[in-house]
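Just so you know, residue 1 is the first one in the sequence shown, and it goes up from there. Whatever order the structure lists ligands and atoms in, that order sets their numbers, starting from 1.
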Amino acid sequence: MAEVPRLEVRDLVKHFPVRRGTFAKAREYVKAVNGVSLEIRDGETVAIVGESGCGKSTIARLILRLERPTSGSIRLDGEDLLAMEDTTSARRAVQLVSQNPWSALNRRKTIKHTLTQPLKVHDLVDTRAGRTVRAAQLLEEVGLSPDYLYRFPSGISGGELQRVTIARALAVSPGVLILDEPTASLDVSVKASIINLLIDLRDLENLTYLFITHEIDIAKHVSDRIAVMYLGRIVEQGPTEEIFENPQHPYTQSLLGSVPVPDPQLRAELKPISGEVPSAIDLPSGCTFHTRCPYVFDRCPEEIPELSMIDSRHLAACHLMEQGR
Ligand code: SF4
């Protein structure tokens, strides 16, 4: 029997109405997510990469049930997440580490409060003393000493704060972590240490990650598979190594054109991306990348390309695939 994916989204769509006044009828929609399907197996890390505004953070919000999808389904261990009651166990199962630890933590509360609160809310540890001991353990798991329990967010660095938000997410023993640009607000020197920590924790605690980033080189270090998104659609997905060594979609090639690629022949072929991302209110017709694509031809503005198989695990949505390029 086929393994049930840890997390599975199917044909996910999210369109946000745009209203010109509080009671006005929506005449336009921001088409943030336009039919995304993705599976993540137990213990796997899948990275969603793409420029800002491509819909990747909206997918995170839909999985966390902070937004309702316009249509489509989300399953966790085979169960319909959208139909699950908002019980504490359902809320525990998927946790978020967001890009900005400063806004994720209450500046007026100690780190001890931040870490013991979820243990109390979810009834995980009965006594106050027990919660303090567990909070100290969580700090140690993320590489901070128990002394940090009595400090406030304003007194510690950005990298240390992000370690605290990771510890808070781990406090409720989730199966899945959604990492939404977790290193985007950090210095380059700190980024690497947070990435290494996340890799260690995943291996140690058998976590499943959905890693959202606009930095494809970071996705390379963390992920088993990459899904490349453009204007609300996945345009290419496959094993990380395959995406880096044999990118098929012109948008993926453009993203790789902005990072160092070891293969000199591939490097010479990659064309850096130009132009701005079009508005998600007024999506270009056909292949939405056609306004920026160096290979655009007659069929591209006419017809939306479907994701088609390059091999059993590698897919891309580009009419050039059918031309046998
Ligand atoms: Fe470019 Fe056409 Fe392929 Fe779209 S379908 S990526 S416009 S070649």
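Gln117 places none of its side-chain heavy atoms less than 4.5 Å from the side chain of His122. Inter-residue side-chain proximity for Thr208 and Leu177 is flagged as unmet; no heavy-atom pair is nearer than 4.5 Å. Using a 4.5 Å heavy-atom threshold, the side chains of Thr288 and Arg233 count as touching.
Take a cut-off of 2.8 Å around atom 2 (Fe) of ligand 1: the protein N, O or S atoms inside it are Cys300 SG.
Every residue two or more places apart in sequence or in another chain that forms a side-chain contact (heavy atoms from CB on, under 4.5 Å) with Thr240 is listed here: Lys220, Ser223, Ile226, Phe244.
Distances below 4.0 Å separate heavy atoms of His249 from the following atoms of ligand 1: 6 (S).
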Requested in this report: For the pair Glu276 and Arg292, evaluate salt bridge (charged side-chain N to carboxylate O under 4.0 Å, His left out) and give the outcome as yes or no after the intermediate values.
Outcome: CA-CA 8 Å; Glu276 298 291 317; Arg292 302 167 84 189; over 6 Å; no

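Side-chain polar atoms of Tyr251 and Glu236 form no donor-acceptor pair below 3.5 angstrom.
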